[in-house]
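Written out below as structure tokens is the structure these notes cover.
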There are 2 protein chains.
Amino acid sequence: MKPNFEQLKQALKQRKIHLSIHRLKVLAYLSEVVGHPTVDEIYLALLKELPSLSKTTVYNTLQLLKDAGLVRVVNIDENEARYDLVTSVHGHFMCVHCQLIEDFPLPIGILDFHLSSDHLVTEKKVYFKGICKSCQASMNNTNKEDIE
Amino acid sequence: MKPNFEQLKQALKQRKIHLSIHRLKVLAYLSEVVGHPTVDEIYLALLKELPSLSKTTVYNTLQLLKDAGLVRVVNIDENEARYDLVTSVHGHFMCVHCQLIEDFPLPIGILDFHLSSDHLVTEKKVYFKGICKSCQASMNNTNKEDIE
DNA sequence: GTTCCTGCAAAAGCTTTGCAGAAGA
DNA sequence: TCTTCTGCAAAGCTTTTGCAGGAAC
């Protein structure tokens, strides 16, 4: 589902974006990690390899990659932005209990309807929320009222 | 499409929530206004009628109405939350140029597919972004490159 | 009188901006 | 050398929290 890292490097080159170590690492991280990390998660993960890294650079880089069309913001979380490599169309599921965010495939053609209002649509997103399977299981083992 | 104000009052009573003037005004505003206002918009609009109103109260009230299941957060805007009365299922379109947010009906049954992952889904949202008709028109009249 | 509601002020958290120094071409 | 990138610090915004005074029952 994720594009591989080499493809991403090529995409950066095509757009004439300098392939700095920070940018490559952010892209590499996004292409490896499961789920959709927050800025903080990206920052903390890369700090091990790039001890001098600043959060500003992570923000700058994500903005750059977003403008270049390589990453997208996932707005399912109300508190902070999450980032996603641009890939095939898929939905996002977020567990309100453990914050897990998972992709799921959308039925083919599901969003291929037209608005009667003649607006030009450039971006389509589907967000589901609920309780993931493993949180449901742990609730059954303890207290079912513990959802909130 | 919007439930009327009396229905909302009844819903509050049913949930044993005190019908304070502030809460009623927030609900009334949400049931009248076109689009999905931000906290600030709600605050400024009600300030005329309730000069002592504080933003904290608007936040408190929206949280309360959200917990009561009467309003929902619309996360289409990356900068701030927007609020929506809970009504029939519909999608949201946001113009990235003028910030207009408009509801659109979803084809019947479009979201009635099941996730293979067995997560419990309690909330489903569809967000579209793009350029609205009138912004397209004004762009054609001036400079087509002016999209960003 | 007790509970709940409101609103000011302050704090918290995410994100952006300004600027100076470092790195790269 | 000149441009671009990085990172610290500070500022900007939205949202939350603490607490005291006020309203409602």
Side-chain angles (χ1 to χ4, degrees), chain A residues 9 12-13 15-29 36-68 70-84 94 99 101 148, chain B residues 9 12-13 15-29 36-68 70-84 94 99 101 148:
Chain A
K9 270 173 72 170
L12 275 190
K13 272 188 188 166
R15 289 166 178 76
K16 292 178 185 167
I17 294 174
H18 177 223
L19 280 66
S20 78
I21 178 74
H22 301 75
R23 290 169 183 176
L24 292 176
K25 288 283 181 185
V26 169
L27 265 188
Y29 183 70
H36 303 296
T38 62
V39 169
D40 204 55
E41 280 164 13
I42 298 169
Y43 170 70
L44 291 176
L46 298 185
L47 204 56
K48 297 167 194 164
E49 309 171 65
L50 306 166
S52 76
L53 183 67
S54 80
K55 230 178 235 183
T56 304
T57 298
V58 178
Y59 276 106
N60 285 341
T61 301
L62 288 170
Q63 185 66 52
L64 184 95
L65 296 175
K66 198 176 121 193
D67 291 345
L70 292 180
V71 310
R72 284 216 184 109
V73 178
V74 181
N75 274 328
I76 198 172
D77 187 330
E78 292 170 22
N79 301 312
E80 54 191 329
R82 290 170 176 275
Y83 290 85
D84 190 16
M94 178 171 179
Q99 266 72 53
I101 295 185
E148 268 293 320
Chain B
K9 269 172 73 170
L12 274 191
K13 273 190 187 163
R15 289 168 177 75
K16 293 178 182 166
I17 295 173
H18 178 223
L19 280 67
S20 77
I21 179 74
H22 300 75
R23 289 169 186 177
L24 292 176
K25 289 284 183 188
V26 169
L27 265 187
Y29 182 69
H36 303 296
T38 63
V39 168
D40 203 54
E41 279 164 14
I42 298 169
Y43 170 69
L44 291 175
L46 298 185
L47 204 55
K48 296 166 194 162
E49 308 171 63
L50 305 167
S52 74
L53 183 67
S54 80
K55 230 178 234 180
T56 305
T57 297
V58 179
Y59 276 106
N60 287 340
T61 300
L62 289 170
Q63 185 66 51
L64 185 95
L65 296 175
K66 198 176 120 190
D67 291 345
L70 292 179
V71 311
R72 286 217 184 108
V73 178
V74 181
N75 273 330
I76 199 173
D77 187 330
E78 291 170 24
N79 300 311
E80 55 193 327
R82 290 170 177 277
Y83 290 85
D84 190 16
M94 177 171 180
Q99 266 72 51
I101 295 186
E148 268 293 321

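All values below were derived from every heavy atom in this structure, side-chain atoms included, with hydrogens, water molecules and symmetry-related copies excluded. Here is how names work: the chains are called A, B, and so on, in the same order as the sequence lines, proteins then strands, and each is numbered from 1.
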Just how far, in rounded Å, is [atom2] of [N] from [atom1] of [X]?
X       : N      : atom1 : atom2 : answer
A:Arg82 : C:dC14 : CZ    : C1'   : 13 Å
A:Glu49 : D:dT6  : CD    : C1'   : 17 Å
A:Asp77 : C:dC14 : CG    : C1'   : 11 Å
A:Lys25 : D:dT6  : NZ    : C1'   : 17 Å
A:Glu78 : D:dT14 : CD    : C1'   : 13 Å
A:Ile42 : D:dG7  : CD1   : P     : 15 Å
B:Leu19 : C:dC5  : CG    : P     : 11 Å
A:Gln63 : C:dT15 : CD    : C1'   : 10 Å

A:Arg72: which residues meet the side chain to side chain donor-acceptor pair (under 3.5 Å) condition with it, sequence neighbours left out?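 For A:Arg72, no residue satisfies side chain to side chain donor-acceptor pair (under 3.5 Å) once neighbours in sequence are set aside.
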Counting only side-chain N and O atoms of [X], is one of them less than 4.0 Å from OP1 or OP2 of [N]?
X       : N      : answer
B:His18 : D:dC25 : yes
B:Ser20 : C:dC5  : no
A:Thr57 : D:dG7  : yes

Determine, stepwise, if the pair A:Tyr43 / A:Thr57 fulfils side-chain contact (heavy atoms from CB on, under 4.5 Å). CA-CA 9 Å; A:Tyr43 170 70; A:Thr57 298; over 6 Å; no
If you assign A:Leu50 and B:Tyr83 each to the DNA chain D nucleotide with the nearest heavy atom, which residue ends up on the more 5' nucleotide?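 The residue whose closest nucleotide sits nearer the 5' end is A:Leu50.
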Answer with base, sugar-phosphate or nothing: what part of the nucleic acid does A:Thr38 contact at a heavy-atom distance below 4.0 Å?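 Nothing, no heavy atom under 4.0 Å.
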Using a 4.0 Å heavy-atom cut-off across all strands, classify B:Asp40 as base, sugar-phosphate, or nothing. nothing
Name the closest nucleotide to the [X] side chain, picking from [options].
X       : options               : value
B:His22 : C:dT15, C:dT6, D:dG7  : C:dT6
B:Asn60 : C:dT6, C:dT15, C:dA25 : C:dT6
A:Tyr59 : C:dG7, C:dT16, D:dG7  : C:dT16
A:Leu53 : C:dG24, C:dC14, D:dG7 : D:dG7
A:Glu80 : C:dT15, C:dG7, D:dG7  : C:dT15

Spacing of B:Ile76 atom CD1 and B:Asp84 atom CG [to the nearest 0.5 Å]: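 Rounded to the nearest 0.5 Å, the CD1-CG separation comes to 11.0 Å.
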Side-chain (A:Arg82) to main-chain (A:His36) donor-acceptor, under 3.5 angstrom: yes
Look at the side chain of B:Glu49 and the backbone N and O of B:Leu46, then say whether any donor-acceptor pair between them is shorter than 3.5 Å.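 Between the backbone of B:Leu46 and the side chain of B:Glu49 there is no qualifying donor-acceptor contact (under 3.5 Å).
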Carefully, step by step, assess A:Leu65 and A:Leu12 under the rule side-chain contact (heavy atoms from CB on, under 4.5 Å). CA-CA 9 Å; A:Leu65 296 175; A:Leu12 275 190; 3.8 Å; yes
Considering only heavy atoms and no angle criterion, is a donor-acceptor pair shorter than 3.5 Å present between the side chain of A:Thr56 and the base of D:dC8? yes
Between B:Arg23 and A:Val39, which residue's closest nucleotide on DNA chain C lies nearer the 5′ terminus?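 The residue whose closest nucleotide sits nearer the 5' end is B:Arg23.
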